[in-house]
Amino acid sequence: MDCIFCKIIAGEVFSEKVFENENIFAFLDINPKAKIHVLVVPKKHIKSVKHLEQADKNLAGELFLVAQKIAKEKNLEGYKLVINVGREGGQLVDHLHLHLLSGDV
Ligand code: 5GP
Ligand code: ZN
């Protein structure tokens, strides 16, 4: 599959890893839109929020908990969590991801 985020998760494409567990991978955005800009990504290739299923319920929750954990570790007072959905929603990479943004957002 020609998916840049799957390649990053597999270690085939370099990224600055911030967090990894069995289900989730997080790394710095290559083109940061804020002082802190981390992408939190499920390892499972799910195209977008539109493609989430009941079976992904725990995984979807875990995305938020991992974002919270990274924010805590980075001592972020406040932050913005963004998920773009579909081209018209600003989604350019078709692998579900949550943007964690803080500082000048
Ligand atoms: P989207 O617009 O799909 O919600 O966000 C995709 C994000 O992925 C963008 O902020 C973009 O900078 C980031 N991105 C795209 N390709 C790469 C890459 O190869 N490496 C990293 N670290 N980030 C990427
Ligand atoms: Zn993928």
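All ligand and atom numbering here is 1-based and tracks the order in the structure.
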> Could you walk me through whether His97 and His95 pass the ring pair (Phe, Tyr, Trp, His ring centres under 6.0 Å) check?
Replying inline: CA-CA 6 Å; His97 51 282; His95 182 134; 7.9 Å; no
>> What verdict does the salt bridge (Lys or Arg N to Asp or Glu O under 4.0 Å) test give for Glu20 and Lys43, after you've listed the backbone C-alpha separation in whole Å, the side-chain angles of each residue and the deciding distance to 0.1 Å?
In response: CA-CA 9 Å; Glu20 180 175 15; Lys43 286 188 174 176; 2.8 Å; yes
> Between Phe19 and Val40, does a side chain to side chain contact (heavy atoms under 4.5 Å, CB included) hold up when you go through it step by step?
Replying inline: CA-CA 9 Å; Phe19 174 89; Val40 187; over 6 Å; no
>> Run the side chain to side chain contact (heavy atoms under 4.5 Å, CB included) test on Leu96 and Leu52 for me, step by step, so that the C-alpha distance in whole Å, both residues' side-chain angles and the decisive distance to 0.1 Å come before the verdict.
In response: CA-CA 9 Å; Leu96 176 63; Leu52 280 170; 4.0 Å; yes
> What's the verdict on side chain to side chain contact (heavy atoms under 4.5 Å, CB included) for Asp29 and Val38, showing C-alpha distance, side-chain angles and the deciding distance?
Replying inline: CA-CA 6 Å; Asp29 196 292; Val38 177; over 6 Å; no
> Passes side chain to side chain contact (heavy atoms under 4.5 Å, CB included), Leu98 versus Leu39? Steps please.
Replying inline: CA-CA 6 Å; Leu98 186 146; Leu39 298 173; over 6 Å; no
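Backbone and side-chain nitrogen or oxygen atoms of Val93 are examined, and one is located within less than 3.5 angstrom of a nitrogen or oxygen of ligand 1. Of the N or O atoms in Leu28, one or more lie within a sub-3.5 Å distance of an N or O in ligand 1. Polar contact with ligand 1: present for His99 (N/O pair, distance under 3.5 Å). Not one N or O of Ser15 is nearer than 3.5 Å to an N or O of ligand 1, by distance alone. Close N/O approach between Leu92 and ligand 1 is found [any backbone or side-chain N/O within under 3.5 Å]. Residue Gly90 has at least one nitrogen or oxygen atom sitting less than 3.5 Å from a nitrogen or oxygen atom of ligand 1, judged on distance alone.
Ranking the protein heavy atoms by distance from atom 19 (O) of ligand 1 puts Ile4 CG1, 3.5 Å first. Among all protein heavy atoms, the one lying closest to atom 12 (O) of ligand 1 is Asp29 OD1, 2.5 Å. Regarding atom 14 (N) of ligand 1, its nearest protein heavy-atom neighbour is Ile30 CG2, 4.0 Å.
Under the 4.0 angstrom criterion for non-hydrogen atoms, His97 is in contact with ligand 1. Within the structure, ligand 1 has Leu39 among the residues with a heavy atom less than 4.0 angstrom away. In this structure, Ile8 counts as a contact residue of ligand 1, since one of its heavy atoms falls inside 4.0 Å of the ligand.
Salt bridge status for Asp94 with Arg87: present, with a side-chain N to carboxylate O gap under 4.0 Å.
More than 12 heavy atoms of other residues, nucleotides or ligands shown are found within 6.0 angstrom of CD on Glu12. Environment of CD in Glu77: sparse, with no more than 12 heavy atoms of neighbouring residues, nucleotides or ligands closer than 6.0 Å.
Interface of Asn84 with ligand 1, defined as ligand atoms under 4.0 Å from a residue heavy atom, comprises 1 (P), 2 (O), 4 (O). Atoms of ligand 1 lying under 4.0 Å from any heavy atom of Asn31, numbered from 1 in the order shown and given with element: 12 (O). Applying the 4.0 Å criterion to heavy atoms of Phe5 picks out, from ligand 1, the atoms 8 (O). Atoms of ligand 1 lying under 4.0 Å from any heavy atom of Phe27, numbered from 1 in the order shown and given with element: 21 (C), 22 (N).
Side chain of Asn21 to backbone of Ile24: a donor-acceptor contact under 3.5 angstrom is found.
Separation of atoms CG (Asn84) and CG (Leu92) is listed at 7.5 Å; rounding is to 0.5 Å.
At a heavy-atom distance under 4.0 Å, no atom of Val82 approaches ligand 1. Residue contacts with ligand 1 for Phe14 are absent, since no atom lies close enough (heavy atoms, distance under 4.0 Å).
Inspection of the environment of the Zn ion (ligand 2) yields the following protein N, O or S atoms under 2.8 Å: Cys3 SG, Cys6 SG, His45 ND1, His95 ND1.
With sequence neighbours excluded, the residues that form a salt bridge (charged side-chain N to carboxylate O under 4.0 Å, His left out) with Asp2 are Lys7.
Side-chain contact between Leu81 and Leu100 is present, with at least one heavy-atom pair separated by less than 4.5 Å.
Screening Val66, Ile9, Leu63 against Pro42 for a side-chain contact (heavy atoms from CB on, under 4.5 Å) leaves a single residue, Leu63.
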